[in-house]
There are 6 protein chains.
Amino acid sequence: MLDPSERWRRFHGHDWKASWAGLLTFAELPYTEDAAELDGVDVAVVGAPTDELVSNMPGTRFGPRAIRAALPTTAYHLETRVDWSELLRVVDYGDAPVVPADAAASHRAIEETVGEVAGAGAIPVVLGGDHSITEPGLRACAAVHGPVGLVHFDAHTDTASTLYGRELSHGTPMYRLVEQGHVTPARYVQIGLRGYWPEEAEFRWQAERGITSFLMPDVTRLGIDRVVERTVEIAGAGPVFLTVDIDVLDPAFAPGTGTPEPGGMTPADLFSACRTLAAQLRLVGVDVVEVAPTGLADRTALAADRVVREVLSGLALKVAP
Amino acid sequence: MLDPSERWRRFHGHDWKASWAGLLTFAELPYTEDAAELDGVDVAVVGAPTDELVSNMPGTRFGPRAIRAALPTTAYHLETRVDWSELLRVVDYGDAPVVPADAAASHRAIEETVGEVAGAGAIPVVLGGDHSITEPGLRACAAVHGPVGLVHFDAHTDTASTLYGRELSHGTPMYRLVEQGHVTPARYVQIGLRGYWPEEAEFRWQAERGITSFLMPDVTRLGIDRVVERTVEIAGAGPVFLTVDIDVLDPAFAPGTGTPEPGGMTPADLFSACRTLAAQLRLVGVDVVEVAPTGLADRTALAADRVVREVLSGLALKVAP
Amino acid sequence: MLDPSERWRRFHGHDWKASWAGLLTFAELPYTEDAAELDGVDVAVVGAPTDELVSNMPGTRFGPRAIRAALPTTAYHLETRVDWSELLRVVDYGDAPVVPADAAASHRAIEETVGEVAGAGAIPVVLGGDHSITEPGLRACAAVHGPVGLVHFDAHTDTASTLYGRELSHGTPMYRLVEQGHVTPARYVQIGLRGYWPEEAEFRWQAERGITSFLMPDVTRLGIDRVVERTVEIAGAGPVFLTVDIDVLDPAFAPGTGTPEPGGMTPADLFSACRTLAAQLRLVGVDVVEVAPTGLADRTALAADRVVREVLSGLALKVAP
Amino acid sequence: MLDPSERWRRFHGHDWKASWAGLLTFAELPYTEDAAELDGVDVAVVGAPTDELVSNMPGTRFGPRAIRAALPTTAYHLETRVDWSELLRVVDYGDAPVVPADAAASHRAIEETVGEVAGAGAIPVVLGGDHSITEPGLRACAAVHGPVGLVHFDAHTDTASTLYGRELSHGTPMYRLVEQGHVTPARYVQIGLRGYWPEEAEFRWQAERGITSFLMPDVTRLGIDRVVERTVEIAGAGPVFLTVDIDVLDPAFAPGTGTPEPGGMTPADLFSACRTLAAQLRLVGVDVVEVAPTGLADRTALAADRVVREVLSGLALKVAP
Amino acid sequence: MLDPSERWRRFHGHDWKASWAGLLTFAELPYTEDAAELDGVDVAVVGAPTDELVSNMPGTRFGPRAIRAALPTTAYHLETRVDWSELLRVVDYGDAPVVPADAAASHRAIEETVGEVAGAGAIPVVLGGDHSITEPGLRACAAVHGPVGLVHFDAHTDTASTLYGRELSHGTPMYRLVEQGHVTPARYVQIGLRGYWPEEAEFRWQAERGITSFLMPDVTRLGIDRVVERTVEIAGAGPVFLTVDIDVLDPAFAPGTGTPEPGGMTPADLFSACRTLAAQLRLVGVDVVEVAPTGLADRTALAADRVVREVLSGLALKVAP
Amino acid sequence: MLDPSERWRRFHGHDWKASWAGLLTFAELPYTEDAAELDGVDVAVVGAPTDELVSNMPGTRFGPRAIRAALPTTAYHLETRVDWSELLRVVDYGDAPVVPADAAASHRAIEETVGEVAGAGAIPVVLGGDHSITEPGLRACAAVHGPVGLVHFDAHTDTASTLYGRELSHGTPMYRLVEQGHVTPARYVQIGLRGYWPEEAEFRWQAERGITSFLMPDVTRLGIDRVVERTVEIAGAGPVFLTVDIDVLDPAFAPGTGTPEPGGMTPADLFSACRTLAAQLRLVGVDVVEVAPTGLADRTALAADRVVREVLSGLALKVAP
């Protein structure tokens, strides 16, 4: 396992690696592509850099690399005073071997790579990629843990049966996962919906399946704490997958995304929600998707990095003494 | 009337037009420049692409095209479950024939073009352009409907008598419209004011005329719902013009504008206010101005597009069964 | 047919349309989507906005719209003193009805739409889109005119048999068109090759088929005029398709493209070459591809617009009295 | 003293200077580099353009120039109806003579230049530069006024004893100023902390010294008014230095900064807090730091300009009749 | 006169001012707005920040400030080994007091301000602004020196009698100056023309007046040295004004301009031409126009700065011992 | 040694890694930080990400990461038909463990890391970082090979004895290396100088030491081939270090650099020169410096990547059968 800080430790006797230097890994974590090294690992980050199935602006193929390049920081969470790096063993497991212009092959590669993590008993945290990658990622987790509950932050429901006539799409994964039996709809909660998509038909299907939705006005009216409480109740004690479409944030906070919708959540609400959910639910898989970076020090990628750190802090709180 | 989705319908048997392809019109609406085709139309979008009268950064001449190119979506409003495309007949009436470096000629062209819409009994929704275009646009509506009430979202009052010694300016239209008798000051409400402009003299004139102002701290203290309620009371039952200077939003949400002022409204507040006002007042004209786009997938233009969709949703709610 | 200048003519009595206002069409040309209106048309511009088959950065789906929005100018060519708008009838035929995330459907739509132009006796000028669209576009021309010669400006040969294991790709169209019999390899000339792709196998195939290549050092050594002379000799008297990958220009001149390669041509050389070739060959189809715009007033889109104008000037010179 | 509006006054008989024209000074104020001219001046703005000591992205060396170029406005504060230009004498005292790549020399130059202002009885408002410049700036004020209280808006505490093994750093000034005796820790309040830095050791030192911290969740829970009230109580009646790291704002509002941390304050809260603190405390020095501009009309620089104007409005309120 | 390096000299004993710090003046030159201080000055730089008369993208109002902020360097010209700062007395005379949205008033202010320089016997170097400012600037010089020859680098001739129906425009100054008698057409040379504007009528007028044009293909064919030689012969021994529209450079070298035209000159050619012309002609006035900066460290502004330095080096060569 | 393509090979049976996915290494090369693995390696790439010693814009600390992220391609050079990956063993040896805000410590780290490569018998190719890093890098090579000849592409000579009073600087390394005896001045050739820095004193020192300079006008007049020939003669048969400051290219081709100077070389000339020099000289070390990336798909970083590939192609030609 390659540790980006190792050379600093060797040369300087401490591991204060310059943030812009050294091997590029998520949160400056050790890196491995070897499933055998996942033994004893609690969480493994996996990249799923795709965008061939998007309906508007592409660019999420550059998401995982940008998230890894986002300004790193420590693992010590100011508010809760927990240090996830002391309580969890986390690694960067690299990217799934995606294939340009071949969404099906990429999905297979993602499913297998995430499956290696889940199979090793670690929680995969998948960095998208467009939202279509939740399908192979969650399926790989469900293959290990059985049907899962789903907590889904997003401006959109992504529950169309087809989009532009296509079954595989970043607008259809949740429909497909429910219909495939991998997500238990009664334990499926959507948070942050707003704007003008999808339409009547999709909401009808959702109602039939018993899926719970919190629209943005609900979040504002109830407050994020109450929404999280209700979500924990609905998702329940079983295994849960957490998927965060970064466009759940208002475009002011996450401008680099393909289908931005103004009127979204604040980072403070999203962060505390993710941390609490990670601490209170039994997460078996996580993804953060739809980051389409637009610059070098990308603000959207930074938000995605922080979402993952909040999840890690929540997981750490769960095991904290 | 040219329908951008027509070729998709013809070729594929459905109208799932790719958002980036086909004729560029507002919200992918049918396009006409023929006043005769406005018969039976409820709302017509008109571009007024000017910026020769600005006091700081130019660029709003590119506003209408950028708003039309903003990420389209459906006409189905998640929160209210109303679909404006089923309840209203809306068209894109193209741009007024503005003249480079000739603000007076451009104003005449805007007044006449908006007048064609108002004269046909449709509600014009004018896409600016700098705020000076409210003068010809509103005047064209007042020519049909008589003096109007005015609901005005903005960081600034735009009620100077002159700016930099000029009577025609993006800082003077509201003074001029009141003084010309087209706006009834007792039915004129300003929302979102903040910062450092205008000064004492302008506020004195406003007080003398009986204009109502909600500063940003008022919006925060009262809440947007109460501000809207009060606005509906003040604007009353007569014809009302709604003008939205996009800089009423905080620059985080609308960075592409010529005189940004930090500390502004959130999209959620602006959107719900516009929708409710459209549903409760008798709107005879609308404009959204001061969008100076800065990039390809422009966030400010997207916010402006959504403002118009909220107005359309409000108008739809008004006629919904 | 909708003429963007019509409203100016009607209102002001002249057609000095502001460049940023009015209906967005290529070179401010009249717009139609009706094949019946192609009668008597010499050249029709068609958009093919795709990028699902690229191997690196996507974004060419936004190419046609950006090229249409590039700074317009007159049709009077300073150097040759010819005005193509007086000698040719040119229209904008809109975009092919492409389908997001469905390259095969998009290719069918492009082939059919370009075929309508070619079938009407006009020369299609296709605005890409990634280079894969040369396959359906050229095929539509060859269906009318029989196998064609090919003049191909590009940094790369795009003659791989597969790329990343895929047959349909922006790296394979020329191989496929030759093998399908639509391009006569002895009449196929490549200009501007440089860098590190493709490899030995592709060059071997090219040699076997008798394809002619001018590498950038050849262009520098011989001069563009001699390269054009040789190209005219090789392409000969039959029908010829001209394909311009904008990455043939150095990235300094065309930064907005997916696979930039430093060391490329200058605009002056490319422009004069395209004009001369259009004047001396029997062009039956043209495309300009791989424009992935990165900003509002996009420099790469402007270069692409000027390439098309040079082709039009060349075609005009051919028929000039 | 050079007055940027003088030429307008001379030529046009009024001082409506175009915002983009004329000598570049903060808020279009008169400019001097002569300490003798500080006599009778209430506030003097000083630039401290450094970034050699940052730990992540550099760029704050361009901060002072960008803040001066931020969209100017009047001195009349809408909300409080006070005009600071009528109640205070404010000048731009230029930049400290910093030395490229020589942080120690730059610090000496800053300390001396700020000292000239403080020594003349004016309040220095220092435009950073990275946060390390608070050390020489505050020290120059403490040399005149004795140990000071400190109100510190920031995402980070900047109280490490060393950062990357260096004592001088933008992460250590507050530790050093306390330990040097220039800041009285019992009168030191931090507002806006969040995220993942610093760690346990620094918080332990802070607790030992009796420093007060309001984390972002505290700000949200208590409300900014209550936080300001408590801060006024803690900072007390003695001399106080106010330091505003612009990264206390959420990156949506202040994207141009070197160590952005999502989840920050809104401009409305920061502005009202700064104004109230300036009105209620005895400020002897102010700085606004960590502005690393990224564009021409820089949003972060604009926010910094407005912070200073709010401080000036607060100071004006203090002396208002 | 304010010298930006003075504080460095005072503090450090040398004048190695940091490029990004201190008073913003052209080339870090001393600054004055007092005509009395022009006595003995050889060259004075004057800003003319306008763009109200442009026909396409605005933004040149920000040109002078951006040119002053362009990366400074020394006054020692490597190639000729001349140091203009030792041989010439050069100052920055500030900006003309332009009026927003009032082109006529701005032109009057420019004419008067440039007239103060010319009247004092110094050569004005005017930083535009759009090309319309050549009219008042050159007129101010002709008022002192009588009708002048004109050397004009540009992609366009700017000799329309009206543009979009307007006489005052950035497309008409040269027509107007010739017709007003301020430019002697037989001594007027245009260099760098290309593309598609103007049209037949303008070229006919030019031919009638006896104006000489070198199109870009002429520059390429003859070489810049021969073009300069011919220009010197045609412009002759009398007073000459030099106007450089930065769009004479290819957009790769000068992207920040309102009407870019690909296929332009290289900096090396433009620089050597300007230097040689300054050394060999009797220049009485110079302007560099159409710089519309697009970023912080603006490449186009840098090119404009270097054009002025080359002119200064040429003027220095003329007086070098 | 970690091979970024390994997972593709394992999963798909081929190594067509998607360019944006997988471990980020230079040219997708295997990665190691273990000196023991350098055995048998011909060339090792080392990052030296610093910018604390620059005199203008910082940002080169982000250079190595951006160069590694530049669009990869194959190792097959079209023009010479050589594939360096078949003839050379090349690895990415990671970054030197630089320390933020501590230039001296960073230089030590660079010298030691480059020394590990040189000591293992491989040629280090150092990716800067600012030009100051040539000092430790070249010194590490000279420690192994003795005093070296130097071929230096740059707009500036970087031969000041001090800059802004500092001995360590990006403007002094060549002076220091000559004076330290590591560079033999008679075998030192500078290519591409232009503009306004340094001044007389530096050129006098250069003349005294017998350093050879080709200014840009020399390159234009002689042609790059002749300049290279002369350089090979002067540098001679002994060990040579090649340093390429990317600002030797015109800013059009390499905009992302801290001290851009218009009028520079073209990529075609620089590439062929580097390849020929690598093939004909005895290179013992190489660096490419001053890349300060400004965007995601950075053009300047791409140019730097291609410079290295040309060097590799030249080295391959040297050993080609």
Side-chain angles (χ1 to χ4, degrees), chain A residues 54-59 154-157 159-160 162-166 169 171 190 192-204 206-207 213-221 247 249-267 269 292 294-295 299-300, chain B residues 8 12-21 27 69-86 223-225 246 249-256 264-272 275 294-307 309-310 312-313:
Chain A
V54 302
S55 56
N56 187 47
M57 284 179 287
D154 204 334
H156 317 91
T157 66
T159 52
T162 61
L163 196 69
Y164 294 97
R166 306 282 288 169
S169 161
Q190 300 166 336
L193 307 179
R194 62 189 183 275
Y196 300 85
W197 192 84
E199 298 180 86
E200 201 53 44
E202 286 79 10
F203 280 107
R204 210 158 33 227
Q206 298 207 162
S213 302
F214 292 99
L215 274 63
M216 270 311 298
D218 300 323
V219 175
T220 304
R221 202 183 61 249
D247 73 18
L249 292 174
D250 192 276
F253 305 100
T257 195
T259 50
E261 188 67 46
M265 286 180 72
T266 62
D269 276 6
T294 60
R299 193 151 95 237
T300 312
Chain B
W8 273 259
H12 300 290
H14 59 68
D15 61 358
W16 303 323
K17 190 180 78 58
S19 60
W20 59 82
L71 179 56
T73 182
T74 79
Y76 176 82
H77 186 255
L78 285 204
E79 193 180 343
T80 58
R81 307 260 163 140
V82 71
D83 184 323
W84 56 258
S85 68
E86 293 177 0
I224 190 64
D225 290 348
I246 206 70
L249 292 175
D250 191 277
F253 305 101
M265 288 180 68
T266 62
D269 276 6
L270 179 62
F271 292 174
S272 81
R275 191 176 64 244
T294 60
L296 268 189
D298 193 68
R299 193 151 95 238
T300 313
L302 179 65
D305 168 279
R306 294 309 193 250
V307 166
R309 284 175 199 263
E310 294 285 336
L312 294 172
S313 298

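Given the structure is predicted, the values throughout are model-derived calculations rather than measurements. Quick note on labels: first sequence line is chain A, next is B, and so on, each numbered from 1.
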Checklist entry - At their closest point, which heavy atom of Pro251(A) faces which heavy atom of Glu261(A), and how far apart are they? => result CD-O, 3.4 Å
Checklist entry - If you tally heavy-atom pairs under 4.5 Å against chain B, which of Pro255(A), Pro260(A), Ser213(A) wins? => result Pro260(A)
Next on the checklist: Between Phe271(B) and chain A, with a heavy-atom cut-off of 4.5 Å, which part of the residue counts as in contact: side chain, backbone, both or neither?
Outcome noted: side chain
Checklist outcome for this item: So, the part of Asp250(A) with a heavy atom under 4.5 Å from chain B: the answer is side chain
Next on the checklist: Any donor-acceptor pair under 3.5 Å linking the side-chain atoms of Gln206(A) with those of Thr159(A)?
Outcome noted: yes
Next on the checklist: Donor-acceptor pair, distance only, cut-off 3.5 Å: does the side chain of Glu202(A) make one with the backbone of Glu199(A)?
Outcome noted: yes
Next on the checklist: I'd like to know whether Ile224(B) forms a side-chain contact (heavy atoms from CB on, under 4.5 Å) with Met265(B), so could you lay out the CA-CA distance, the side-chain angles of the two residues, the decisive distance to 0.1 Å, and finally the verdict.
Outcome noted: CA-CA 10 Å; Ile224(B) 190 64; Met265(B) 288 180 68; 3.7 Å; yes
Checklist entry - Listed by chain and number, what are the ring-ring contact (aromatic ring centres under 6.0 Å, His included) partners of His156(A), not counting sequence neighbours? => result none
Next on the checklist: Could you check whether any side-chain heavy atom of Pro267(A) comes within less than 4.5 Å of a side-chain heavy atom of Leu249(A), counting everything from C-beta outward?
Outcome noted: yes
Checklist outcome for this item: Nearest heavy-atom contact between His77(B) and Ser313(B) is CB-OG, 3.7 Å
Checklist outcome for this item: Turns out that what part of Ala75(B) lies under 4.5 Å from chain A's heavy atoms comes down to backbone
Checklist entry - With only heavy atoms counted, which part of Leu193(A) is less than 4.5 Å from chain B, the side chain, the backbone, both or neither? => result both
Item to check | Pairs of heavy atoms under 4.5 Å with chain B: top-ranked of Thr259(A), Asp218(A), Thr294(A) | outcome: Thr259(A)
Next on the checklist: Less than 4.5 Å to any heavy atom of chain A: does that hold for the side chain of Arg299(B), its backbone, both, or neither?
Outcome noted: side chain
Checklist entry - Side chain, backbone, both or neither: which part of Thr266(B) has a non-hydrogen atom closer than 4.5 Å to chain A? => result neither
Item to check | Minimum heavy-atom distance between Leu215(A) and Leu78(B), given as atom pair plus value | outcome: CD2-O, 3.9 Å
Checklist entry - Any side-chain heavy-atom pair from Trp84(B) and Glu310(B) closer than 4.5 angstrom? => result no
Next on the checklist: For a 4.5 angstrom cut-off between non-hydrogen side-chain atoms, does Arg309(B) reach Thr73(B)?
Outcome noted: yes
Item to check | Atom group of Ser272(B) that falls short of 4.5 Å from chain A, counting heavy atoms | outcome: neither
Item to check | Region of Ser55(A) that comes under 4.5 Å of a non-hydrogen atom in chain B | outcome: backbone
Item to check | Intermediate values then yes/no, side-chain contact (heavy atoms from CB on, under 4.5 Å), Phe203(A) and Arg81(B) | outcome: CA-CA 10 Å; Phe203(A) 280 107; Arg81(B) 307 260 163 140; 3.4 Å; yes
Checklist entry - Using a heavy-atom distance cut-off of less than 4.5 Å, which residues of residues 13-20 of chain B contact chain A? => result Trp16(B), Lys17(B), Ala18(B), Ser19(B), Trp20(B)
